[in-house]
Amino acid sequence: MAVQFFNTLSRRKEQFNPIVPGQVGVYTCGPTIYNFAHIGNFRAYMFEDLLRRYLEFRGFSVKHVMNLTDVEDKLIRACRETGESLKKITDFYAQAFFEDIDTLGIQRAHVYPAATDHIPEMVDMIKKLREKGHTYEENGSIYFKLSTFPEYGRLSNMQMESLRAGASGRVDADEYEAEEARDFALWKAWDEEDGVVFWETELGRGRPGWHIECSAMSVKYLGPHFDIHCGGVDNMFPHHENEIAQAQCATGQPFVNYWLHCAHLMVEGRKMSKSLGNFYTLRDLVEKGIDPQAIRYTLLATHYRQPANFTFEAAEAATQALRRIRDFRIRLEEMHGDGDMLEQECRKCSDEFTDEMDDDLNISGALGAVFNFIRDVNKKIDEGIVGSQGAANALALLDRLNHVTGVFAPAVEAAAPQEVLEQVAARQEARRNKDFAKADAIRDALAEQGWIIEDTPDGARVKRV
RNA sequence: GGCGGCAUAGCCAAGUGGUAAGGCAGAGGCCUGCAAAGCCUUUAUUCCCCGGUUCGAAUCCGGGUGCCGCCUCCA
């Protein structure tokens with residue numbers, strides 16, 4: 001089977017064929033760095049991470065670009081309210097963002113273009129749009145004239161006529177300067193509220209509209225026509241529609257072949273919101289003592305187009321699932337001698353995993369295949385027929401699948417200190433002497449210190465709780 | 001008002017016409033000095049509700065109910 005993705009443009013699964021065989025350009029809408037990202041944001045970044053890793057697993061060479069929005073209304077407000085410079089705020093939250101994606105094991109994109117580093121590119125694109133008659137000016141601001149782009153609305157299936165101006169209640173249509181409320185700003189003229197946040201350009205003193213950065217930067221780093229563009233479903237309209245309008249009108253070429261959109265995350269069955277008290281940043285969850293890998297697992301385990309529900313019970317379940325995986329690896333590492341090569345099990349697992357993932361990244365099915373593999377191999381280990389080579393084959397497979405998912409890694413934990421090992425030895429001695437009361441006392445004492453003792457035919461195994 | 005998504009066991013969640021994956025939790029058993037880990041059995045006669053199509057539907061169609069997203073800058 002070939003890789004298939006659900007393309008928002010066609011609303012169906014399509015076989016994935018890159019423009020240049022073997023190479024894939026991926027652009028993903030990144031964070032506005034004005035605050036710590038919340039776990040809903042990370043669900044989207046996790047999906048994009050999985051997409052990129054799976055494409056690489058399937059042999060594609062991927063170039064991944066993710067923008068950082070570092071100039072925008074909320075940021076300017078933050079500057080005004082805190083008195084800090086734009087750069088100080090964005091530098092701080094950009095660093096926090098990178099720390100967070102490292103915590104979650106999300107691979108770094110190849111390029112993280114920041115909007116403020118690409119003002120000339122944006123100005124350039126706006127000039128092209130102006131030359132081609134797609135813009136008009138009002139009070140120094142430049143707007144995109146939607147009526148010049150009949151294709152508008154194709155991605156989100158929105159009929160322009162049906163869009164009610166200001167329906168969301170967030171904008172007072174009367175105050176809007178655009179000829180039509182649907183038109184969007186390419187360039188915003190400076191006003192007093194912007195303070196020192198402005199650029200002097202050929203377009204006048206002002207700042208770019210939000211949408212233009214993604215068009216300008218994606219075209220710069222991936223070319224006018226590239227393969228995949230991702231984002232959350234909320235970005236579909238108007239942001240991605242606007243990107244398409246800007247890019248296609250400016251370059252005269254088709255823009256993106258596959259649009260992939262990630263559904264939202266709910267928390268404890270409700271939409272995440274501060275007023276409901278279920279709004280969490282990654283840092284909040286880590287502070288609660290949840291293993292970042294378990295957070296990764298939880299965010300990853302639901303198919304990306306499915307609305308997901310983050311619960312603390314699910315995070316606990318993920319913690320236990322990871323324990324099962326890690327314990328399985330420990331067992332494999334202890335295998336020795338000749339025995340079953342596990343070739344059949346490995347092939348079955350690998351094939352099923354790939355088939356599931358080929359089908360629009362069906363991670364749930366793929367994880368199911370791996371857990372079936374774990375059970376089948378555990379059974380053979382119980383039968384005592386697995387040797388070191390078979391175990392090595394199984395571990396190699398887990399490593400390969402870990403490159404895709406990041407959840408099949410061995411536990412990262414410090415080796416037991418000497419004192420603990422001495423206690424373990426003392427317990428073994430007690431057991432040999434049938435002094436089980438003493439042996440159990442030592443085990444209980446170690447448990448209180450966070451060490452689990454498991455007796456195996458080859459001796460005691462020491463693990464962190 | 002318009003457009004779209006979702007509703008599967010206690011929890012998370014696959015499956016989208018052929019008789020309910022997987023993980024966690026629970027129960028019983030094997031193993032163990034006892035545990036832990038592992039394995040086995042078990043846990044939804046049923047997939048939000050009501051109709052319809054079909055030999056057959058969780059899966060298709062119609063109508064409800066509920067939750068979620070978008071409709072100018074929120075993943």
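Nothing here was measured: the structure is a model prediction, and the numbers come from that model. Just so we're on the same page: letters track the sequence lines, and every chain starts at 1.
- For A:Arg443, counting side-chain heavy atoms from C-beta on, the closest listed nucleotide (B:C70, B:A35, B:C11) is B:A35.
- Nearest nucleotide to the side chain of A:Asp327, out of B:A37, B:A36, B:C74: B:A37.
- Between A:Gln306 and B:A7, a side-chain N or O to OP1/OP2 separation shorter than 4.0 Å is present.
- Side-chain proximity of A:Phe371 to B:C34, B:A75, B:G23: nearest is B:G23.
- Between the side chains of A:Asn242 and A:Tyr152, at least one donor-acceptor pair of N or O atoms lies under 3.5 Å.
- Regarding contacts with the backbone of B:A75, a side-chain N or O of A:Asn41 is found under 4.0 angstrom from either OP1 or OP2.
- A donor-acceptor contact under 3.5 Å links the side chain of A:Arg431 to the base of B:G33.
- Of the side-chain N and O atoms in A:Asn362, none sit less than 4.0 angstrom from OP1 or OP2 of B:A14.
- Proximity note for A:Asn378 (side chain, C-beta onward) versus B:A35, B:A75, B:G38: the nearest is B:G38.
- Rounded to the nearest 0.5 Å, atoms OG1 (A:Thr298) and CD1 (A:Ile290) are 7.5 Å apart.
- Phosphate contact (OP1/OP2 of B:A13, side-chain N/O of A:Thr302, threshold under 4.0 Å): present.
- Panel note: side chain A:Asp194, backbone A:Val197; no donor-acceptor pair is recorded below 3.5 Å.
- Of the candidate nucleotides B:C68, B:A13, B:C6, B:C68 has the atom nearest to the side chain of A:Arg270.
- Looking at the side chain of A:Lys271, the nearest of the listed nucleotides B:A75, B:C6, B:C68 is B:C68.
- When the side-chain nitrogen and oxygen atoms of A:Lys379 are compared with OP1 and OP2 of B:G38, none of them lie within a distance under 4.0 Å.
- Among B:C74, B:G4, B:C39, the nucleotide with an atom closest to any side-chain atom of A:Asn157 is B:G4.
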Passes ring pair (Phe, Tyr, Trp, His ring centres under 6.0 Å), A:Phe312 versus A:Tyr280? Steps please. CA-CA 12 Å; A:Phe312 286 95; A:Tyr280 298 108; 5.4 Å; yes
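- Phosphate proximity of B:G38 to A:Arg324: present, with a side-chain N or O under 4.0 Å from OP1 or OP2.
- Of all heavy-atom pairs spanning A:Glu243 and A:His229, the tightest one is OE1-CE1, 2.6 Å.
- Under the stacking criterion of a centre-to-centre distance below 5.5 angstrom and an interplanar angle below 30°, A:His264 sits stacked against the six-membered ring of B:A75.
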